[in-house]
Number of protein chains: 2
Amino acid sequence: MSRTTIADVAREAGVTKATVSHAMSGKRPISDDTRAKVLAAAERLNWVPSQSARSLATQTANAIAVVLARDPEVIANDSFFPAFIAGVESVLAETETALILQVVPDRAAEERTYRALSHGRADGALLLDLRTDDWRVPLLEELGLPAVLVGAYEQPTRFSCVRTDDAEPVREIIAHLRAQGHERIAHVSGPLEYVHSRVRADAYTDAVGTDALLREGDFTAASGRARTAELLELADRPTAVLYSNDTMAIAGLSYARSNGLSIPRDLAIAGFDDDHLSAHLSPALTSVSSGPAARGRAAARLLQADILGSDPRTEVVDCNVVHFRESTSTTTSSQSTTTSSQSTSTSTGTSTSTESTTR
Amino acid sequence: MSRTTIADVAREAGVTKATVSHAMSGKRPISDDTRAKVLAAAERLNWVPSQSARSLATQTANAIAVVLARDPEVIANDSFFPAFIAGVESVLAETETALILQVVPDRAAEERTYRALSHGRADGALLLDLRTDDWRVPLLEELGLPAVLVGAYEQPTRFSCVRTDDAEPVREIIAHLRAQGHERIAHVSGPLEYVHSRVRADAYTDAVGTDALLREGDFTAASGRARTAELLELADRPTAVLYSNDTMAIAGLSYARSNGLSIPRDLAIAGFDDDHLSAHLSPALTSVSSGPAARGRAAARLLQADILGSDPRTEVVDCNVVHFRESTSTTTSSQSTTTSSQSTSTSTGTSTSTESTTR
DNA sequence: GTGAAAGCGCTAACAG
DNA sequence: CTGTTAGCGCTTTCAC
């Protein structure tokens with residue numbers, strides 16, 4: 001059961017370990033003849049180099065990491081995350097790079113995890129759920145661990161970013177609701193410490209002119225329901241609510257309905273992130289498709305480039321598309337205004353502009 | 001930028017590397033005094049042991065792996081996978097164990113990946129999407145890599161299994177449909193090479209007495225639509241269809257509707273895996289909640305036990321619950337027959353029986 | 001073009 | 001209880 005090592009292959013091929021190493025990596029000239037012998041021997045013995053030995057020797061891991069500080073349960077009910085990971089994997093698969101997914105309970109563990117990752121366990125990290133002034137950014141800079149920031153990050157940084165314009169779709173939705181005669185439009189945001197929640201909330205406040213009907217949720221169904229309950233109890237209750245994700249929107253929708261409201265007649269509802277089933281709900285849910293797979297691909301590519309030594313870049317993956325559906329329509333018959341067939345297959349074709357980071 | 005190593009900590013604490021190592025692991029008696037010195041030094045230097053060095057020395061990785069041979073896109077549209085991973089992570093988080101997720105394009109890459117994993121990159125693997133007579137089982141046995149098989153596997157094996165009874169819910173649904181007067185009930189299965197698809201398909205064939213209306217899909221929306229189209233073109237078209245996942249069911253539902261059929265009046269529809277939004281669809285979709293999180297937790301626990309040397313066990317996580325909803329009801333008003341509030345929170349309380357493996 | 005040897009940072013005997 | 005000493009399997013100088 002003792003694993004076969006590079007020494008076994010060397011012996012089998014009648015050369016030294018160094019030669020085997022170089023024959024595999026091509027890092028120095030090798031005669032075709034010996035290379036063939038080495039490859040044959042490796043094949044015969046089913047040898048695969050030990051990643052940990054290689055990591056130790058080279059300080060590279062052939063893996064990138066995503067560290068999640070959120071409750072694992074959120075993974076299950078979030079429409080963004082699985083699709084994002086799918087996009088990431090589609091890029092990593094090309095180079096047989098592994099993705100390390102680690103959920104941590106608290107900040108101490110998170111910091112320890114990043115330190116451990118930087119010691120030969122991962123070549124880089126993808127940072128999700130960014131906060132204004134996120135402590136992870138300086139930490140990773142200090143550790144020298146390459147990273148890509150997914151989402152808007154305002155501070156100067158040497159890292160690449162994958163951004164989208166989340167304010168624009170919010171403005172579009174508010175305008176749409178206004179056009180339908182709505183005057184009291186509420187917003188249930190995600191945790192406002194997250195930049196993307198904040199951007200959406202700010203765009204909302206800007207568009208409606210006040211934050212009186214802004215309520216902070218946490219992306220879970222429970223919070224969607226609770227914040228909706230609060231809003232509906234107001235003397236001057238809103239006639240429309242924009243939620244920062246579909247899970248909260250649907251929880252809110254269910255709650256409103258069970259309280260005798262008809263959607264969209266009594267209450268218009270819009271979500272965000274466009275879950276793959278949202279178009280099939282009743283009423284079909286107006287939502288913003290945020291191109292998670294495209295963003296995952298972009299992030300993985302930027303990270304690989306960074307690891308290979310490229311300069312950091314900010315890539316704006318502008319794949320937000322608002323799908324106006326029945327949940328915000330006064331005329332219940334109409335389906336989406338924008339093309340509704342805009343799904344995974346077409347998202348590769350969305351406009352992707354690139355600009356270099358100036359700072 | 002040279003990383004701080006155990007030698008730095010030893011120097012800082014005025015002891016040797018061995019002492020530091022043991023102070024951290026507790027693998028041999030250490031005086032409280034020196035332990036304190038070591039911990040203080042480690043803290044001061046922000047030292048985290050190099051995982052690759054440790055892996056090399058101990059042949060352990062502090063990580064477990066899931067290798068996926070499917071198209072990354074499936075991850076995004078599958079309701080089982082994210083919830084399963086969430087369950088796995090909730091167990092791994094307790095011990096700060098990492099999850100390695102690797103998507104591979106073909107069998108050669110998959111085999112190479114398992115070999116690489118077994119060389120100190122992962123301590124074990126979770127096997128999903130089992131096939132009858134799956135080649136991975138003997139491979140992992142040969143490699144000596146601990147594993148847990150998720151799903152029914154009929155061959156004798158030394159690995160632990162996490163099983164569920166998928167036949168029973170299929171029988172329940174068929175019986176329910178029969179009771180509503182349906183006589184031509186079709187089934188769109190997943191790829192029949194997968195054991196779980198096969199089990200469901202066999203249960204279906206058994207229950208209806210023929211496989212004339214059995215069609216093989218591949219869990220994608222596209223196949224759900226295509227197989228539904230074929231079924232609806234039959235002279236004697238079915239009046240009910242049971243799909244092997246919700247994604248196919250919803251695609252089928254949409255297709256049938258766009259062809260002028262009313263659901264469930266003209267066509268009853270049932271899915272499998274109970275996506276978190278399925279209860280909110282219109283009509284609400286009858287589906288089988290298969291407790292993915294509970295299965296993920298069970299699998300992770302069994303794998304950790306195996307890694308620590310426990311004997312393999314087969315755990316039957318029987319958390320399948322059929323939610324009868326509008327898509328199969330003649331009386332369109334009624335909601336689920338079974339409690340519909342059976343969600344993540346309650347799934348921990350489902351009956352979980354344990355039996356030891358006899359072979 | 002190939003070989004020999006020195007580590008990468010840790011753990012685990014073996015001494016004391 | 002603590003120090004010394006070999007490795008784990010690979011890469012990478014440095015010689016030849």
Side-chain angles (χ1 to χ4, degrees), chain A residues 1-39 41-42 45-63 115-121 123 143-144, chain B residues 1-39 41-42 45-63 115-121 123 143-144:
Chain A
M1 182 67 75
S2 72
R3 337 186 159 295
T4 102
T5 77
I6 198 173
D8 301 323
V9 177
R11 198 177 320 113
E12 175 87 8
V15 294
T16 63
K17 297 192 297 174
T19 305
V20 173
S21 175
H22 290 124
M24 302 304 289
S25 69
K27 288 202 177 176
R28 83 179 181 191
I30 293 275
S31 81
D32 289 355
D33 196 43
T34 51
R35 186 203 313 290
K37 274 195 306 192
V38 169
L39 292 180
L45 298 175
N46 270 324
W47 174 71
V48 185
S50 153
Q51 186 58 55
S52 43
R54 176 180 293 184
S55 291
L56 185 55
T58 62
Q59 312 284 12
T60 66
N62 230 290
R115 292 205 130 86
L117 288 171
S118 73
H119 286 356
R121 185 156 187 155
D123 300 322
L143 293 174
Chain B
M1 182 66 74
S2 73
R3 336 188 159 295
T4 103
T5 77
I6 197 173
D8 301 323
V9 178
R11 197 177 321 112
E12 174 87 8
V15 295
T16 63
K17 297 193 296 174
T19 306
V20 174
S21 175
H22 290 125
M24 303 302 290
S25 69
K27 289 204 176 175
R28 82 180 182 190
I30 294 274
S31 80
D32 289 354
D33 196 45
T34 51
R35 187 204 312 289
K37 275 195 305 192
V38 169
L39 292 180
L45 272 48
N46 271 324
W47 174 70
V48 185
S50 154
Q51 185 56 56
S52 43
R54 177 180 291 183
S55 290
L56 185 55
T58 62
Q59 312 284 13
T60 66
N62 230 291
R115 292 205 130 86
L117 288 171
S118 73
H119 285 358
R121 186 159 186 150
D123 300 323
L143 292 174

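Reminder, nothing fancy here: chain letters follow the sequence lines and each chain counts from 1.
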Return whichever of A:Ile30 or B:Ile6 has its heavy-atom-nearest nucleotide of DNA chain C closer to the 5' end.
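Counting from the 5' end, the first nearest nucleotide belongs to A:Ile30.
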
Could you give the [atom1]-to-[atom2] distance, from [X] to [N], as a whole number of Å?
X	N	atom1	atom2	answer
A:Arg54	D:dC10	CZ	P	9 Å
A:Asp33	C:dT2	CG	C1'	13 Å
A:Gln51	D:dC10	CD	P	11 Å
A:Arg115	C:dG9	CZ	P	16 Å
A:Leu56	D:dG7	CG	C1'	12 Å
B:Asp8	C:dC8	CG	P	11 Å
B:Trp47	C:dG9	CH2	P	12 Å
B:Met24	D:dT2	CE	C1'	17 Å

Taking only side-chain nitrogens and oxygens of [X], does any of them come within less than 4.0 Å of OP1 or OP2 of [N]?
X	N	answer
A:Thr58	D:dT11	no
A:Ser31	C:dT2	yes
A:Ser52	D:dC10	no
A:Thr5	D:dG9	no
A:Lys27	D:dT12	yes
A:Gln59	D:dT11	no

Please report the shortest heavy-atom distance between A:Ala61 and A:Asp123, naming the atom on each side.
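Result for this residue pair: N-OD1, 2.5 Å.
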
Please determine, by modelled atom types, if A:Ser52 and A:Ser55 share a side-chain donor-acceptor pair under 3.5 angstrom.
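No - no donor-acceptor pair under 3.5 Å links their side chains.
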
With respect to the side chain of [X], which nucleotide from [options] is positioned closest?
X	options	answer
A:Pro29	C:dG1, D:dC10, C:dC10	C:dG1
A:Lys17	D:dT11, C:dC8, D:dG3	D:dT11
A:Ala18	D:dT2, C:dA4, C:dG9	C:dA4
A:Ala53	C:dG3, C:dC10, D:dG9	D:dG9
A:Thr16	D:dC1, D:dT11, C:dG3	C:dG3

Report yes if some heavy atom in the side chain of [X] is under 4.5 Å from a heavy atom in the side chain of [Y]; otherwise report no.
X	Y	result
A:Ile6	A:Trp47	yes
A:Asn46	A:Thr4	no
B:Asp8	B:Arg11	yes
A:Arg121	B:Asn62	yes

Touch check for [X], heavy atoms < 4.0 angstrom, all strands: base, sugar-phosphate only, or nothing?
X	answer
A:Thr34	sugar-phosphate
A:His22	base
A:Ser21	base
A:Ser25	nothing

Side chain A:Arg28 and base C:dG3 donor-acceptor under 3.5 Å:
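Looking at the base of C:dG3, it does pair with a donor or acceptor on the side chain of A:Arg28 (distance under 3.5 Å).
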
